[in-house]
Amino acid sequence: SVAAAPHILWSVLFIVLPLLIVVYYAFTDDSGAFSFENILGLGDYIPIFELSVELAVIATFVCLLVGYPLAYIMAKSKPSTQKFLIMLLMLPMWTNLLIRTYSIMAILDDGGFLNHILGAELHIIGTKGAVIFGMVYDFLPYMVLPIYTCISKIDPHMWEAAADLGCSPAMVIPKVIFPLSLSGVISGVTMVLVPSISTFYISQKLGGGTFELIGDTIERQFVSSARNTGAAISLVMMILILISLSVMNRFSDSDDGGIIV
């Protein structure tokens with residue numbers, strides 16, 4: 001229809017066309033001839049893929065560990081308190097990622113705020129822990145909001161029904177609330193895991209150049225004009241992300257905060 005035309009045009013220009021360009025460069029050489037050389041050479045980057053997935057999984061787990069209780073507290077708070085907590089959660093997101101990352105560097109640096117407060121000489125920048133901390137800080141809202149949405153939709157009478165059936169207050173969350181909010185958890189995990197795997201600026205600044213993640217590798221390839229190799233790595237990343245989204249979508253209820261592929 002005519003009403004859908006702007007959306008279709010936007011999708012073609014900024015989603016379909018870039019994907020086709022990536023596919024073209026992934027399967028061609030510098031002369032533009034068809035070639036599988038870029039794909040076959042990806043075995044050299046397996047350790048980087050593994051490290052990227054490892055750090056992303058750890059960051060996602062930490063976000064879930066911190067985000068679920070926070071989402072539960074928000075959902076159980078009064079409406080006015082909920083609005084205030086959501087504002088605090090989203091406030092850092094109003095600041096550019098670059099500025100937020102530099103702020104974390106100022107806190108974690110050898111001569112930074114944290115060492116000054118502790119009176120210690122902790123070397124944090126340049127470690128995997130610093131990168132994980134940066135991922136958690138930047139992507140935590142993506143975990144909290146879907147879970148909060150799911151929990152806030154749960155009928156309050158579920159708590160009463162669980163108590164009537166002999167469920168203790170300590171067991172209400174694992175036995176009742178968590179299963180009912182599982183679609184939000186899956187959505188949050190996806191929304192944190194995907195950008196964590198592909199991030200490059202956080203790892204560059206907080207990693208201090210001591211190691212490289214897959215996002216850094218892709219950027220380096222394009223900067224050094226090795227766009228064919230960079231496109232091949234990007235294509236593999238997109239396929240892996242689509243597979244993970246499809247798998248998680250199978251276990252997610254799209255009506256309760258799930259994701260749709």
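When reading the values below, keep in mind they use all heavy atoms of this one structure, side chains included, and skip hydrogens, waters and symmetry mates. One is the number of the first residue; the rest follow in order along the sequence.
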Atom [atom1] of [X] and atom [atom2] of [Y]: how far apart are they, to the nearest 0.5 Å?
X      : Y      : atom1 : atom2 : value
Thr101 : Tyr201 : OG1   : OH    : 6.5 Å
Met87  : Lys83  : CE    : NZ    : 12.0 Å
Leu122 : Leu108 : CG    : CG    : 10.0 Å
Leu19  : Phe14  : CG    : CZ    : 13.5 Å
Ser52  : Phe211 : OG    : CZ    : 9.5 Å
Phe61  : Cys63  : CZ    : SG    : 11.5 Å

Does [X] use its side chain to pair, donor to acceptor, with the backbone of [Y] at less than 3.5 Å?
X      : Y      : result
Thr127 : His123 : no
Asp155 : Met158 : no
Arg227 : Gln221 : no
Asn38  : Phe27  : no
Asp109 : Ala106 : no
Asp29  : Ser35  : no
Ser187 : Ser183 : no

[X]-[Y] co-clustered via ILVMFWY side chain contacts under 4.5 Å:
X      : Y      : result
Val194 : Met93  : yes
Leu98  : Ile107 : yes
Phe178 : Met143 : yes
Ile197 : Ile46  : no
Leu165 : Met171 : no

Would you name the heavy atoms of [X] and [Y] that are closest together and state the gap between them?
X      : Y      : result
Ala56  : Ser196 : CB-CB, 3.6 Å
Leu235 : Val22  : N-CG1, 4.1 Å
Ala170 : Pro174 : O-CD, 3.5 Å
Ile151 : Ala71  : CD1-C, 4.4 Å

Side chains of [X] and [Y] in contact at under 4.5 Å (non-hydrogen atoms):
X      : Y      : answer
Phe200 : Ile214 : no
Lys128 : Thr210 : no
Tyr142 : Thr190 : no
Leu89  : Leu145 : yes
Ile233 : Thr217 : yes
Val192 : Leu64  : no

In terms of side-chain heavy atoms, does [X] have a donor or acceptor partner in [Y] at a distance below 3.5 Å?
X      : Y      : result
Gln82  : Ser77  : no
Gln204 : Glu212 : no
Tyr45  : Thr229 : no

Strictly under 6.0 Å, is that where the ring centroids of Tyr137 and Phe139 end up?
no
How far apart are the C-alpha atoms of Val136 and Val66, what are their side-chain angles, what is the distance that settles it, and do they pass the side chain to side chain contact (heavy atoms under 4.5 Å, CB included) test?
CA-CA 9 Å; Val136 172; Val66 175; 5.6 Å; no
Could you walk me through whether Ser181 and Tyr68 pass the side chain to side chain donor-acceptor pair (under 3.5 Å) check?
CA-CA 10 Å; Ser181 60; Tyr68 196 95; 2.7 Å; yes
Could you walk me through whether Asp216 and Leu213 satisfy the side chain to side chain contact (heavy atoms under 4.5 Å, CB included) test, starting with their C-alpha distance in whole Å, then the side-chain angles of each, then the deciding distance to 0.1 Å, before giving a yes or no?
CA-CA 5 Å; Asp216 306 317; Leu213 300 186; 3.7 Å; yes
Determine whether more than 12 heavy atoms belonging to other residues, nucleotides or ligands lie under 6.0 Å from atom NE2 of His116.
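No.
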More than 12 heavy atoms from other groups under 6.0 Å of CD on Glu37
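Not more than 12 within 6.0 Å, no.
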Side chain to side chain contact (heavy atoms under 4.5 Å, CB included) between Ser234 and Tyr25, worked out
CA-CA 10 Å; Ser234 301; Tyr25 279 109; over 6 Å; no
